[in-house]
Amino acid sequence: MALDSQKAVGKVLKATKLADKLELRQITVPIGVLMTQSKHIPVLGHAEGICHVFVDKDADLQMALKIVRDSKLDYPAACNAMETLLIHEELMEESSFFDDVCRMLKKHNVKIHSGPRLSRRMTFSPPLVKKMKTEYGGLECAIELVTSVEQAIEHVVNFGSGHTDVVVTRNEDTAQRFINGIDSACAFHNASSRFADGYRFGLGAEVGISTGKIHARGPVGMEGLLTTKWILHGNGHGAFDFTESGGMKFLHEPIPIVSEE
Ligand SMILES: *[C@@H]1O[C@H](CO)[C@@H](O)[C@H](O)[C@H]1NC(C)=O
């Protein structure tokens with residue numbers, strides 16, 4: 001059925017006797033509206049993709065540049081593209097990372113906005129963000145400074161959308177704290193945010209991405225109360241590496257589950 005108006009979709013959402021599931025493709029109704037309108041049919045989807053890349057003080061900075069480039073530029077309109085780059089403040093004094101990353105982004109015509117802390121720190125900083133929680137969905141992003149992994153986690157929890165967030169660091173302890181601290185569907189270490197994708201995860205073709213947390217029916221045991229968090233450990237991998245020019249190929253083989261303890 002072709003349903004392209006908010007009113008029509010609202011009507012179907014109320015017809016719970018007739019509809020168990022509606023699958024909406026390429027609609028113009030914002031998913032946030034659907035989520036509030038649908039009282040009985042759970043909505044599988046995500047309202048926003050505000051993805052972060054946190055570059056820690058212990059990051060391999062070449063790797064960080066590559067991950068930022070892939071996360072922002074591989075496909076800027078995608079929901080899993082980076083919208084905010086968080087930089088550990090120590091890198092401002094001890095490295096040229098900020099200049100390097102700005103130069104790289106500007107070379108690709110990315111418009112940069114400053115978070116409040118970056119803006120306070122610099123005399124000539126990029127224009128201040130209007131709202132930290134913004135999905136630019138194009139050649140635009142925000143940069144903000146954080147003083148610790150804890151502050152990065154706090155930022156992601158406050159301004160993210162629970163979609164996909166990345167930490168770049170050599171420090172395993174920092175990576176683990178970031179991964180455990182954020183409440184996002186996907187938490188990646190040293191890999192591009194662009195890997196948040198059904199096909200790339202080996203689920204077959206991408207159908208969608210959900211930031212909802214429960215999917216259970218019938219008698220519910222412990223498992224029905226659990227949700228999913230996708231954790232990815234990379235070593236500087238970007239989606240571009242898996243294109244023809246990148247030369248890498250997805251294997252999609254079953255791998256044994258290793259307990260984290
Ligand atoms: C990147 O993270 C992986 C784990 O995902 C780790 O094994 C590796 O040492 C890290 N590499 C660098 C250069 O930070």
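Residues take their numbers from the sequence shown, with the count starting at 1. Nothing here was measured: the structure is a model prediction, and the numbers come from that model. Atoms within a ligand are numbered from 1 in the order they appear, just like the ligands themselves. Computed over heavy atoms, backbone and side chain alike; hydrogens, waters and symmetry mates excluded.
- Within 6.0 Å of the CG atom in L225, the count of heavy atoms belonging to other residues, nucleotides or ligands exceeds 12.
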Inset, instruction - For E206 and R194, run salt bridge (Lys or Arg N to Asp or Glu O under 4.0 Å): C-alpha distance rounded to whole Å, both residues' side-chain angles, the deciding distance at 0.1 Å, then the answer. - result: CA-CA 13 Å; E206 164 90 339; R194 291 277 298 133; over 6 Å; no

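- Residue pairs that meet the ring pair (Phe, Tyr, Trp, His ring centres under 6.0 Å) test with at least one member in residues 93-119, sequence neighbours left out, are H113-Y136.
- Between D241 and K66, at least one side-chain N (NZ, or NE/NH1/NH2) sits under 4.0 Å from a carboxylate O, which counts as a salt bridge.
- A distance of 11.0 Å separates CE in M82 from CG in D70, rounded to the nearest 0.5 Å.
- The side-chain heavy atoms of E48 and K133, taken from C-beta on, include a pair separated by under 4.5 Å.
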Does ligand 1 have any N/O pairs with the protein under 3.5 Å, and how far apart?
residue, atom, partner, partner atom, Å
ligand 1, 2 (O), H189, NE2, 3.4
ligand 1, 2 (O), N190, ND2, 2.2
ligand 1, 2 (O), G234, O, 3.3
ligand 1, 5 (O), H189, ND1, 3.3
ligand 1, 5 (O), G234, N, 3.4
ligand 1, 5 (O), G234, O, 3.0
ligand 1, 11 (N), N190, ND2, 3.2
ligand 1, 11 (N), N235, OD1, 3.1
ligand 1, 14 (O), T169, O, 3.4
ligand 1, 14 (O), N190, ND2, 3.3

